[in-house]
Amino acid sequence: MLPASAKAPHKQSRKQSISIGRGTRKRDEDSGTEVGEGTDEWAQSKATVRPPDQLELTDAELKEEFTRILTANNPHAPQNIVRYSFKEGTYKLIGFVNQLAVHYTQVGNLIPKDSDEGRRQHYRDELVAGSQESAKVISETENLEEDEEPKELETESGSQTDVPAAGAAEKVTEEELMTPKQPKERKLTNQFNFSERASQTFNNPLRDRECQMEPPPRTNFSATANQWEIYDAYVEELEKQEKTKEKEKAKTPVAKKSGKMAMRKLTSMESQTDDIIKVSQAAKIVERMVNQNTYDDVAQDFKYYEDAADEYRDQVGTLLPLWKFQNDKAKRLSVTALCWNPKYRDLFAVGHGSYDFMKQSRGMLLLYSMKNPSFPEYMFSSDSGIMCLDIHVDHPYLVAVGHYDGNVAIYNLKKPHSQPSFRSSAKSGKHSDPVWQVKWQKDDMDQNLNFFSVSSDGRIVSWTLVKSELVHVDVIKLKVEGSTTEVPEGLQLHTVGCGTAFDFHKEIDYMFLVGTEEGKIYKCSKSYSSQFLDTYDAHNMAVDAVSWNPYHTKVFMSCSSDWTVKIWDHTIKTPMFIYDLNSAVGDVAWAPYSSTVFAAVTTDGKAHVFDLAINKYEAICNQPVAAKKKNKITHVQFNPIHPIIIVGDDRGHIICLKLSPNLRKMPKEKKGQEVQKGPAVEIAKLDKLLNLVREVKIKT
């Protein structure tokens with residue numbers, strides 16, 4: 001038995017071992033290794049302390065293995081990158097994502113030792129090192145010779161004991177000379193640490209040279225040009241040209257005759273075109289002066305004549321015929337479209353084609369000016385008939401046209417050639433049926449020009465000018481409601497609605513109206529391609545024209561071959577006004593100066609002018625305007641600023657007519673009151689009429 005004093009130290013040492021063992025255990029757990037340094041047998045039976053929130057897992061769950069596959073993919077790489085596809089015109093998702101992460105990069109230039117360039121560089125370095133060593137050896141030998149001369153003098157006068165020392169020195173120098181020295185490494189220059197030097201030279205002095213010439217002599221010449229003198233001058237010019245041709249034929253050999261003849265023709269044509277260009281502007285001015293003198297009475301009527309008989313007529317007006325426009329090349333073609341130029345108010349475009357599908361041939365685009373009614377200012381021909389056209393508001397030299405064969409094209413009046421600048425094709429999504437109307441729209445987000453077209457194939461297409469081609473997007477496909485038929489395979493076939501006319505809202509950009517051959521009018525949106533905003537059962541036959549009121553944002557007008565013209569409020573499905581004109585109505589147009597005045601033309605050769613503020617029930621002007629009784633009037637358009645309209649018939653004639661004062665009545669001035677004018681007054685005037693009609697409908 002040990003005494004108590006012996007047992008106490010033993011307990012103390014045991015406590016120390018326990019604390020040491022716990023400390024080492026903790027460090028080992030932190031480092032991730034389990035080393036049982038300082039552990040005893042009693043530590044194995046001790047229970048481990050677990051935190052209260054630790055999960056209790058079974059042995060099977062503890063032994064369960066979880067595999068993790070390490071990949072080379074970058075977790076921070078973006079997975080939704082899109083790029084714009086100019087081919088398809090949409091943003092497309094990129095499937096391939098670059099997973100490489102570069103941490104450091106440096107541009108270097110390494111040359112392999114075994115290559116020709118490496119051998120040449122190594123040989124060049126050896127030559128440089130050898131030349132430097134030879135120069136060092138020569139300098140050392142010269143220094144040694146200079147040192148030996150005084151030493152020889154000292155040995156002669158000195159004792160013999162110094163001789164062995166001198167001999168040892170000579171041996172040392174010879175051994176040093178004979179042992180080859182290792183070439184020192186050449187220090188590479190830093191290519192980035194360089195200095196730039198520049199020098200400035202004197203500028204050469206400027207010299208001015210002047211010379212004075214005698215002015216050429218001047219003489220005044222005057223003569224009168226008669227018809228025979230002009231004829232004689234042309235005959236002399238022709239004789240000179242024939243003489244020059246004969247001289248050139250005599251000079252040129254037979255072998256080179258054909259090639260030089262072609263060159264001569266080209267040069268003569270170029271000279272002729274240059275001469276024509278020089279005189280074209282002057283000739284145009286002279287032509288307009290001649291036409292103004294010829295049609296002086298018409299020009300005077302256009303500017304100053306006001307029908308005084310209107311004062312005695314009971315709110316009835318007349319149309320005064322002014323100019324007639326026609327061209328021999330478009331004699332048997334119908335006038336299919338009319339449009340005034342938005343910038344040059346005297347210029348208007350005419351589209352020529354044919355509405356008879358059995359007599360389809362060619363088409364023409366003519367632009368006339370009221371200053372020269374005898375001949376068009378611009379003339380373009382096409383293989384297919386032109387059915388519609390529109391002139392851009394901001395770019396008045398761009399004319400968009402729609403053809404009978406389903407193509408659309410854009411003509412540029414600045415370019416002299418007769419071919420269109422842009423033209424659709426079968427590959428670029430042309431219509432399969434005639435294009436009945438085109439309308440320019442505001443530029444898209446990329447500032448590209450675009451326009452819309454409607455066709456009998458049921459498609460309303462947006463065309464965008466991208467670089468040198470037309471890109472198309474189908475906005476909406478017209479479908480006749482309630483006409484779906486089920487096929488035995490379980491598919492549903494929809495009857496396609498044939499679009500004939502459309503018009504875009506003046507303020508709401510996305511909203512537009514479409515008229516169809518079935519007589520219905522659809523209110524559509526550019527944002528919804530699968531459904532219509534509203535449907536109007538408008539007419540019993542094809543809708544020929546649809547037009548929004550230029551002042552009132554809720555009112556639009558439609559006409560049809562069922563002899564009727566109807567005025568609508570787009571929030572109400574029933575028409576506000578209905579007019580029967582006893583003949584198929586070809587076109588309607590709102591007046592730009594009043595919200596209640598509009599004009600319509602019928603196939604019996606008459607023009608009808610209405611003013612709802614004066615007479616809500618019938619036209620205030622019914623007048624035959626066709627050149628012949630058989631001619632059918634197809635289109636009508638108001639001039640933006642002048643009180644005139646132009647109408648076209650199916651024989652290619654365009655007639656300009658002036659509205660009498662009763663057809664363009666403005667509010668009368670009252671004593672002490674100013675006449676109110678402007679869009680607000682026009683909207684209020686039409687609203688008053690619409691409220692009367694609504695009250696009557698509510699009562700009935």
Side-chain angles (χ1 to χ4, degrees), residues 283-284 287-288 290-291 294-295 298 319 321-341 346-391 399-405 407 409 411 413 416-420 434-438 544 583-584 586-587 601-607 623-637 639 644-657:
K284 186 179 286 188
E287 186 181 14
R288 288 184 177 180
V290 172
N291 276 287
T294 306
Y295 302 100
V298 178
L319 297 170
L322 296 176
W323 297 281
K324 293 181 181 180
F325 304 86
Q326 62 182 11
N327 190 270
D328 293 337
K329 293 183 179 180
K331 241 181 182 180
R332 297 184 180 179
L333 297 174
S334 300
V335 175
T336 55
L338 292 172
C339 183
W340 287 97
N341 193 295
D346 63 304
L347 188 70
F348 64 93
V350 184
H352 288 279
S354 177
Y355 287 114
D356 190 354
F357 72 97
M358 295 293 291
K359 297 179 181 178
Q360 289 298 320
S361 57
R362 57 189 177 84
M364 292 196 74
L365 172 63
L366 305 178
L367 282 95
Y368 288 96
S369 173
M370 292 191 296
K371 298 174 182 176
N372 184 11
S374 62
F375 197 80
E377 298 290 318
Y378 300 93
M379 185 184 297
F380 303 93
S381 59
S382 61
D383 297 330
S384 179
I386 293 174
M387 308 309 294
C388 54
L389 61 89
D390 193 25
I391 301 174
V399 184
V401 300
H403 293 281
Y404 190 87
D405 60 358
N407 281 314
Y411 289 90
L413 303 183
H417 55 77
S418 60
Q419 296 300 320
V435 181
W436 294 115
Q437 200 162 357
V438 291
D544 291 328
S583 185
D587 195 12
V601 290
T602 52
T603 54
D604 60 356
K606 289 183 179 180
Q623 185 173 327
V625 293
K628 295 180 181 178
K629 290 184 179 180
K630 294 182 179 180
N631 293 2
K632 299 176 182 178
I633 305 298
T634 56
H635 285 277
V636 61
Q637 280 292 322
N639 188 281
I644 57 172
I645 60 171
I646 49 172
V647 296
D649 62 13
D650 62 345
R651 296 291 177 181
H653 303 117
I654 303 98
I655 304 169
C656 182
L657 303 156

| task | Using side-chain contact (heavy atoms from CB on, under 4.5 Å) as the criterion, list what pairs up with D356, not counting sequence neighbours. | result | S354, M358, K359
| task | Establish, yes or no, whether a centroid distance under 6.0 Å links the rings of F325 and F348. | result | yes
| Hey, are the side chains of L365 and Y411 touching, using non-hydrogen atoms and a 4.5 Å cut-off? | yes
| For T294, what residues pass the side-chain hydrogen bond (donor to acceptor under 3.5 Å, both in side chains) criterion, not counting sequence neighbours? | none
| query | Say you draw a straight line from OG of S369 to CG of L347; how long is it, rounded to the nearest 0.5 Å? | reply | 6.0 Å
| field | Separation of M370 CE from N372 CG (nearest 0.5 Å) | value | 12.5 Å
| task | Taking the side chain as every heavy atom from C-beta outward, state whether L366 and N327 have any pair of such atoms under 4.5 Å apart. | result | yes
| Any side-chain heavy-atom pair of H403 and S382 under 4.5 Å | yes
| So which pairs with a foot in residues 369-390 pass salt bridge (Lys or Arg N to Asp or Glu O under 4.0 Å), sequence neighbours left out? | K284-E377, R288-E377
| Can you tell me how far SG of C339 sits from CD1 of I391, rounded to the nearest 0.5 angstrom? | 4.0 Å
| said: As an exercise, state the distance from CG of N291 to CH2 of W323, rounded to the nearest 0.5 Å. | reply: 11.0 Å
| Residues forming a side-chain contact (heavy atoms from CB on, under 4.5 Å) with I655, sequence neighbours excluded | K324, V647, L657
| request: Supply the atom-to-atom distance L367 CG to F380 CZ, rounded to the nearest 0.5 angstrom. | output: 7.0 Å
| task | Please step through side-chain contact (heavy atoms from CB on, under 4.5 Å) for the pair K331 and L333, ending with a clear verdict. | result | CA-CA 6 Å; K331 241 181 182 180; L333 297 174; over 6 Å; no
| remark: Those residues at least two apart in sequence (or on a different chain) that pass side-chain hydrogen bond (donor to acceptor under 3.5 Å, both in side chains) with H635 are Y355, D587
| Distance-only, no hydrogens or angles: does the T634 side chain make a donor-acceptor pair with backbone N or O of V335 under 3.5 Å? | yes
| query | Got a sec, which pairs hit salt bridge (Lys or Arg N to Asp or Glu O under 4.0 Å) with one end in residues 646-655, sequence neighbours left out? | reply | none
| field | Passing option when M387 is tested against V438, T336, D405 for side chain to side chain contact (heavy atoms under 4.5 Å, CB included) | value | T336
| said: When you compare the side chain of L338 with that of V350, does any pair of heavy atoms fall below 4.5 Å? | reply: yes
| request: Taking the side chain as every heavy atom from C-beta outward, state whether Q623 and K606 have any pair of such atoms under 4.5 Å apart. | output: no
